[in-house]
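Chain letters run A, B, ... following the sequence lines, proteins first, then strands; residues in each count from 1. The figures that follow rest on heavy atoms only: side chains count, while hydrogens, waters and symmetry mates do not.
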There are 2 protein chains.
Amino acid sequence: MNEKKTKPIPRPGQPVRGSKTGEPIMALFDLMGRRWAMGILWALNKQGPSTFRELQAYCDGLSPTVLNTRLKELRAAGLVDHGECGYQALPLGKELFELLVPMGRWAVQWGKALESTKTD
Amino acid sequence: MNEKKTKPIPRPGQPVRGSKTGEPIMALFDLMGRRWAMGILWALNKQGPSTFRELQAYCDGLSPTVLNTRLKELRAAGLVDHGECGYQALPLGKELFELLVPMGRWAVQWGKALESTKTD
DNA sequence: TCAATCGCTACTGAATTTATAGCATGAAGA
DNA sequence: TCTTCATGCTATAAATTCAGTAGCGATTGA
């Protein structure tokens, strides 16, 4: 009766927004290319297990609507879990975070490069 | 006369959507956490220099509106340039792409992990 | 019972993305 | 010159997503 139209959550092997091939990387881009997805994963790994509201605070007070949506997606993707100590990154989520870390370092260099290039 | 309200493009050192700290990684997350941003960078590095329409085709025919918007952002970010041979990744863009590559490999493992976990 | 915290939903309006059509420019040919 | 074609890109409207705010039901503790 109350068929909540569940939005398909991107998973490798399935067509996703913007790619019908089902290439895993495209599913990942779809999942991570949503507002706050990477930020939440980042916070969760930096801060450790957190409650919903703590996470919200870490993420500059993003709306609970979005936080909850992202958390559902991340859980469906097997990256995050919700247990005793609140939300925490699963092994897969930690692996992915480790791939994000070098991007953090790169971003610093990027900032410097932009400074020396542009003069605005 | 026609003061087009230019959307601020995320750059490290400046407050961005969802983060007032100006942390470079947050600017990067903001930039890349937009639909198709990573996909375009991926295509540009995989396929080499491409015209607007080629790029559009690679990206499953995304709308020119979004493609143009993303390209402007990526150009402002110093990742992509538009020259003789069409659009192409700049050194910074290639560096960032190199950080995306391991994510491509990881995504494959991710897909396998999901298969063996979930049974739907 | 009261207050405080938890995860989370409802609702509304704003922003972003999509889809489609089509314009202006320039090169190449007839 | 007059098409024809490809280029990059804009205009418009509809659909989707996100943000901001209020608040609910459950739990915990005083």
On the 0 to 90° scale, with breaks at 30° and 60°, tag the Phe29(A)-Trp42(B) ring pair as parallel, tilted or perpendicular.
perpendicular

Please determine whether any donor N or O and acceptor N or O are separated by less than 3.5 Å between the side chain of Thr51(B) and the base of dA6(D).
no

Can you tell whether the side chains of Glu73(B) and Arg70(B) come within less than 4.0 Å, N to carboxylate O?
yes

Give the rounded distance in Å between these two atoms: CD of Glu84(B) and C1' of dA27(C).
14 Å

Expressed in angstrom and rounded to an integer, what is the separation of Arg35(A) atom CZ from dA15(C) atom C1'?
8 Å

Please state how far atom CG in Leu55(B) lies from atom C1' in dA6(D), giving the value in whole angstrom units.
16 Å

Return no unless some side-chain N or O of Trp36(A) is found under 4.0 Å from OP1 or OP2 of dT17(D).
no

Starting at the 5' end of DNA chain D and moving along, which residue's nearest nucleotide shows up first, Glu54(B) or Pro64(B)?
Glu54(B)

Are Ile25(A) and Leu100(B) close enough that some pair of their side-chain heavy atoms sits under 4.5 Å apart?
no

Rounded to the nearest Å, what distance is computed from the CE atom of residue Met38(B) to the P atom of nucleotide dT17(C)?
12 Å

Using a 4.5 Å cut-off on heavy atoms from C-beta on, say whether the side chain of Cys59(A) contacts that of Leu67(A).
no

OP1, OP2 of dG8(D) versus side-chain N and O of Lys72(B): anything below 4.0 Å?
no

Nearest to the side chain of Ser63(A) - dT17(C), dT12(D), dT21(D)?
dT21(D)

Rounded to the nearest Å, what distance is computed from the CG atom of residue Leu62(B) to the C1' atom of nucleotide dT16(D)?
16 Å

Minimum-distance nucleotide to Phe52(B) side chain [options: dA11(D), dC11(C), dC9(D)]:
dC9(D)

Categorize Thr69(A) for me: base, sugar-phosphate, or nothing, with a 4.0 angstrom heavy-atom threshold over every strand shown.
nothing

Rounding to an integer number of Å, can you tell me how far His82(A) NE2 sits from dA26(D) P?
17 Å

Taking side chain as C-beta onward, heavy atoms only, is Trp110(B) less than 4.5 Å from Leu79(A)?
yes

Return the 5'-most residue of the pair Arg53(B), Arg70(B) with respect to DNA chain C, ranking by each residue's nearest nucleotide.
Arg70(B)

Would you kindly give the CG-to-C1' distance between Leu67(B) and dA19(C), to the nearest whole Å?
14 Å

Check whether any side-chain N or O of Asn68(B) sits under 4.0 Å from OP1 or OP2 of dT10(D), and answer yes or no.
yes

Starting from C1' on dC18(D), measure out to CZ on Arg34(A) and report it in whole angstrom.
12 Å

